[in-house]
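Step one of this worksheet: look at the structure below.
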Amino acid sequence: MEAGTPDDVRGRSKSGAPAWLLGLGAVAIIAGVLISLAVFGGGTLPERAGPPVEELAVERTELAPGSIELTVRNTGPDPVHVAQVFVNDAYVDVRGESGTIGRLGTQRLELDYPWQSGSPYLVSMVTSSGLVIEHEIPAAVETPADDGRFFGIMALLGTYVGIVPVVLGMLFLPVMRRAGSQWIRVLLALTVGLLGFLAIDGTLEGIELASESSGAFGGPELVFLGAGLAFLALTGLDRYLRGRRERAESGGAGGMRLALMISIGIGLHNLGEGLAIGSAYAVGELALGAFLVVGFALQNTTEGVAVVAPLARERPTLLRLLGLGVVAGAPAIAGALVGASVNNAELSAFLLGIGVGAVVQVAVQIAPSLRDSSGRALDPATVGGIAAGALALYLTGLLVSA
Amino acid sequence: MPGSSRRDFLMGGAVVSAAGAALGARALAAGPAAAQEHHGGHHGGGGQPAPMKHGGGVDGPMFRAGTAVDHRANGFDPTEILRDFDYGRTRRLASGRTVREWEVVATDKEVEVAPGVKFPAWTFNGRIPGPTLRCREGDLLRVRFVNGSEHPHTMHFHGIHPAEMDGVPGHGAGVIQPGGSTVYEFEAEPFGLHLYHCHVGPLAEHIARGMYGTFIVDPRQGRPDADEMVMVQHGYNTTFDAEGNQLYAVNGIPFHYAGTPIQVRRGELVRIYLANILEYDPINSFHVHGNFFHYYPTGTSLQPVEFTDTIVQGQGQRGICELKFPHEGAFMFHAHKTEFAELGWMGFFEVAS
């Protein structure tokens, strides 16, 4: 915000009506015109010539022995009534709610159907107008119950792929201490490379997810909305932390601050990562083998290196380091829980976007630290570091398929 | 006369059913029959929606429990269509020949084809299938066709007739425009079970919308007395994508005879006039449980060609099935194209002594 703007407004307001009154008047006129448009204007236009636009998005599919339960949302402009349902070309009894679903309303449909584990199913919802809205279940797997055991598994999974590897990555801190400032620059460059790769990866994944969504709450723009909001929020947080620190110490590189910002950024990224793992688990697509856990851990160990890279010249306490590890890793647990219990492509895309914005913001913050004594950020050493970071993530990413 | 005996039976059937409602509760108390019992009264009266009694999970397909088609709003009931033969108005010429006349009106009508599912149909006389026109070999037939629909239509009869009476565009009266009418006049030949349907392009859509019915020509000497019924196999492509159907049925409403079984008597000859007009699918079939039937393809011979429990019909094929039920109880019948069965083309015979 530029200083002086509020004064200008106040200055102008002295010559006429108060600013708040002018604003109120404008709002009142806008409201009045909109209401009269709604009341009188609607009738002056012809009605839609085509048939009703009936759209449903299946937000959640729960499979229990002998039943398939769908939570559907009306994502179209017109009300939808699911009159009958057939599964793989056989009509089934539908229990649960009935009646018309209003715009953006939801309904639970409980289908009485003896499905077989591992088989594909096509659920066809016949609306009152005869339209068929299909929902594909690629491979039927019993949905894990939302009980304590399930939450335990998700927490454990999040810990394995989030907290443990980040903390492990911090073990490189002593090595960094011994290294010269040139090596620190290379490590920070490596971090920038890692983050850049994560940003691109997350963006692509988010757009892919969003394009599969119904679009009722938006499509791919959600990724960019999430990214933009996260970037702005983290920038604001960074300025706030920097301001506090300046008051306390009057200057300084702020290695701990940078480390915290990186932790938060990576944490938000791990939220999206946990989301992907959780939703894959919920639909039975995730093989919870050692391979997956080790693969994720290896990849996220590099994130631990990134977190501690700014701390090479500082002496943080063990507790602080652990705290940074939790900030960076724990969101994976939350992500896994959300991902396994909510099947909403728009929400997932938005959360992935937040991760993207976060890592971009962190990369932008680190960038100044890459400068050498002459002020150049890109020299052979840092370029190599950035490339190595991106390659490291690409290669470790090949180990996991979630 | 098969006609008059048929009508007497219908009247008698209604009385028996009403009596059954009073007496039958205890007699039929066990098993699935108990659930069907109250439909006996429905058999004669019609109009009351009957939810399905069969199915669910491993018990087989069904519509959403507790839902039923409103036959009264539709203006027709498959239970009534089953034994409804329209003999037309007859008069005898000096030559001794019978002239038989009908009026058939095409209308656009929204039909509830499954509980809660509305289908913008085109119909003959407001029902799907259209009226079962019945005559005798050698009769002179006059069908006055009135197009009350907003779309152009014709009535094209199978059978042997002059080209100008064929009910196709460009010949004779050709396409009958909305508000128009014509009279199709031809001799009833050969005896057997035949079809009629609209023949305006796009043909598949005009048929799939519901414009079809059967047309029975009785042999001069008649057929042995029997409990006669017509079953027209068809479907509804509710999405209008011309790729298969979402609903399959006999006589208008999917699963109807599962909720309201066809009442027949043990040991009595049952004659089924079975036709297939199903659009968008290459074949259809009919299979009856716990029994075999004699099959007369197209009904053009008095000698059956097969004793079987399953026959296959392509679109336009039809034939007569004759059978007697030696055992009491409920016997399923359905397309042995089981996909069609599970999408609505199945029902029950309820055999009582």
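Letters go in sequence order (proteins before strands), and every chain restarts at 1. Only a predicted model underlies this, so the values are computations on that prediction, with no experimental measurement involved. Note that these values count all heavy atoms, side chains included, but never hydrogens, waters or copies made by symmetry.
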Heavy-atom closest contact (Gly56(B) atom, Asp112(A) atom, distance):
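Answer, listing the atom of Gly56(B) first, then Asp112(A): C-OD2, 3.4 Å.
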Return the minimal non-hydrogen interatomic distance between Val117(B) and Ala83(A), and the atom names on each side.
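Heavy atoms of Val117(B) and Ala83(A) come nearest at CG2-CB, 3.4 Å.
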Checking Asp89(A) side chain against Glu339(B) main chain: does a donor-acceptor pair fall under 3.5 Å?
no
Is the backbone of Gly116(B) close enough, under 3.5 Å, to the side chain of Gln84(A) for a donor and an acceptor to pair up by distance?
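Such a contact is absent between Gln84(A) side chain and Gly116(B) backbone.
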Give, as side chain, backbone, both or neither, the part of [X] having an atom under 4.5 angstrom from any heavy atom of chain B.
X	result
Ile68(A)	neither
Ser67(A)	neither
Ser128(A)	both

Below 4.5 Å, heavy atoms only, C-beta onward: do Asn88(A) and Glu342(B) meet side chain to side chain?
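They are not in side-chain contact.
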Roughly how far, to the nearest 0.5 Å, is CZ of Arg64(B) from CG of Leu111(A)?
9.0 Å
In Å and rounded to the nearest 0.5 Å, what is the CD1 to OG1 distance from Ile133(A) to Thr239(B)?
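Reported to 0.5 Å precision, the distance equals 12.0 Å.
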